[in-house]
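Structure record follows, encoded as structure tokens.
Below, chain A is the first sequence line, B the second, and so on; all start at residue 1.
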Number of protein chains: 2
Amino acid sequence: METRYKKSRQREKMLELLRATESHPSADWIYERLKKDFKNLSMGTVYRNLGILIDQGFVRKIDFGSTFDRFDANVTRHYHFVCEKCGAISDVEMPFDDALNRKAGRVGNFEVRSHRIEFFGVCRKCGK
Amino acid sequence: METRYKKSRQREKMLELLRATESHPSADWIYERLKKDFKNLSMGTVYRNLGILIDQGFVRKIDFGSTFDRFDANVTRHYHFVCEKCGAISDVEMPFDDALNRKAGRVGNFEVRSHRIEFFGVCRKCGK
DNA sequence: AGCTATAATGATAATCATTCCGAGTATTGA
DNA sequence: TCAATACTCGGAATGATTATCATTATAGCT
């Protein structure tokens, strides 16, 4: 686990790029931009360095924590709890907060139609 | 867009399965279970019917609305707004609610370490 | 400066979830 | 019963991501 990273021009430029944008880019976006400076850039390099930057705490990945989709026949509005150890998803029996949409809309000045909350932690089973 | 669905044994059984579980299953989980009743079942059938059930409002998909990961160099805790038209993600300048973790933890009786909120709607650009 | 250890690179192949296609089957309505 | 068309399986195609590997770059040491 002990890894001492060496610096790389590619990774430095990548962080610079990421810090200069607010667009929450995809790996592909980064690849296209970075290729202007490194004409032989490979996708593997982008992904590897994203992983390192995340490990270093400079970057966050915005995903669901799972590589595949999950489905729910409970179509009432409710929130989810995701166990970081076993990946189990369970419903959170907490009142749905409609006022939140208005609050966020007011702040950001856009039309908010819905929202979703995921809680992360350790479920009872994994918590021993 | 006008499609009149015919009933199918596979889809009926699928909905039954989904309604009988709280595990928020993956397509693969459904496939494995359903194969007990339909030995020649194909993955395409599972995905197609999931799409139909979602269209009919019987099932929800739990995903991020995007097929690829997105990255963020803003590592402070903040919420996101996702435009349902153009897919743009922007930050929501709203105070991060630490109390929410405790509230959810109390309700579900598990250890909540963090949470995430995504708001969905139409961004200013797309809202004409 | 050279020497050594090892992290990083680019190219390509592999993986994994998901979608698409096409020929045959099941369901519906008349 | 018949025609129209949605649904099926199976396999091939796709798209994002990850792994492999020979070569190159970086860092620390003398």
Side-chain angles (χ1 to χ4, degrees), chain A residues 1-18 23-56 58-72 82 87 89, chain B residues 1-18 23-56 58-72 82 87 89:
Chain A
M1 301 294 128
E2 270 293 330
T3 321
R4 279 216 310 295
Y5 297 119
K6 299 183 173 172
K7 75 171 174 182
S8 94
R9 306 172 179 293
Q10 287 87 337
R11 190 160 65 242
E12 280 170 352
K13 187 72 187 174
M14 246 177 86
L15 185 52
E16 200 180 299
L17 263 180
L18 279 163
S23 68
H24 305 74
S26 63
D28 195 62
W29 185 96
I30 297 165
Y31 175 74
E32 291 302 334
R33 298 290 179 117
L34 214 57
K35 201 154 63 174
K36 282 163 185 150
D37 292 287
F38 304 92
K39 62 181 194 310
N40 291 323
L41 183 68
S42 120
M43 255 313 198
T45 299
V46 172
Y47 279 107
R48 183 166 11 80
N49 282 323
L50 278 170
I52 292 173
L53 290 171
I54 288 168
D55 184 52
Q56 293 175 325
F58 295 134
V59 170
R60 284 235 177 96
K61 196 204 270 204
I62 311 174
D63 64 2
F64 195 66
S66 168
T67 94
F68 42 80
D69 292 341
R70 317 252 322 226
F71 301 88
D72 193 350
V82 182
I89 299 178
Chain B
M1 302 293 128
E2 267 296 328
T3 321
R4 280 215 310 295
Y5 297 119
K6 298 181 175 174
K7 76 172 174 184
S8 96
R9 306 172 179 294
Q10 288 87 338
R11 189 159 67 240
E12 280 170 353
K13 186 73 186 174
M14 247 178 86
L15 185 52
E16 200 181 300
L17 263 180
L18 279 162
S23 69
H24 305 74
S26 63
D28 195 62
W29 184 96
I30 296 165
Y31 174 74
E32 291 303 333
R33 297 290 180 118
L34 213 56
K35 201 154 63 174
K36 283 164 187 152
D37 291 287
F38 305 92
K39 63 180 195 310
N40 291 322
L41 182 68
S42 120
M43 257 312 197
T45 298
V46 172
Y47 279 107
R48 185 170 7 82
N49 282 325
L50 278 170
I52 291 173
L53 289 172
I54 288 167
D55 184 51
Q56 293 175 327
F58 295 133
V59 170
R60 284 236 177 95
K61 195 204 270 200
I62 311 175
D63 65 2
F64 195 66
S66 168
T67 96
F68 42 80
D69 291 342
R70 318 256 317 228
F71 301 89
D72 193 350
V82 181
I89 299 178

Check the distance between D:dA16's P and B:Arg70's CZ and give it to me in whole angstrom. 12 Å
Is the shortest side-chain heavy-atom distance between A:Phe68 and B:Asp28 below 4.5 Å? no
Gap separating the CG atom of A:Leu18 from the CG atom of A:Leu53, nearest 0.5 angstrom: 7.0 Å
Strand contacts (DNA chain C) in residues 34-45 of chain B, 4.0 angstrom heavy-atom criterion: B:Gly44
Just how far, in rounded Å, is C1' of C:dA17 from CD1 of B:Ile62? 16 Å
Expressed in angstrom and rounded to an integer, what is the separation of B:Arg9 atom CZ from C:dT28 atom C1'? 14 Å
How many whole angstroms separate atom NZ of B:Lys13 from atom P of D:dT8? 15 Å
Whole-Å distance, B:Asn49 CG to C:dA26 P, equals 16 Å
Pair of N/O donor and acceptor under 3.5 Å linking C:dT6 base with A:Lys6 side chain: yes
From CD of B:Gln10 over to P of C:dT27, roughly how many Å is that when rounded to an integer? 9 Å
Whole-Å distance, B:Leu50 CG to D:dC7 C1', equals 15 Å
Assign each of B:Arg48 and B:Tyr5 the nucleotide of DNA chain C bearing its closest heavy atom; nearer the 5' end lies the nucleotide of B:Arg48
What distance separates A:Lys13 NZ from A:Asp37 CG, expressed to the nearest 0.5 Å? 4.5 Å
It should be established whether B:Arg4 places a side-chain nitrogen or oxygen under 4.0 Å from OP1 or OP2 of nucleotide D:dT5. no
Sugar-phosphate only, base, or nothing, as touched by B:Phe68 at under 4.0 Å among non-hydrogen atoms: sugar-phosphate
Winner on side-chain proximity to B:Ser8, out of D:dC7, C:dT6, D:dA16, is D:dC7
Is the cationic atom of B:Arg11 (NZ for Lys, CZ for Arg) positioned less than 6.0 Å from the six-membered ring centroid of B:Tyr5 and within 45 degrees of its normal? yes
Value for CZ (B:Phe71) from CD1 (B:Ile89), rounded to nearest 0.5 Å, stands at 11.0 Å
Give one of base, sugar-phosphate or nothing for B:Thr67, where a contact means two heavy atoms less than 4.0 Å apart. sugar-phosphate
Please answer whether the main-chain N or O of A:Ile62 pairs with a side-chain N or O of B:Arg70 as donor and acceptor at a distance below 3.5 Å. no
Just so I know, are the side chains of B:Leu41 and B:Gln10 near enough to count as touching, which here means a heavy-atom distance under 4.5 Å? yes
What is the separation between atom CG on B:Asp63 and atom P on C:dT18, rounded to the nearest whole Å? 9 Å
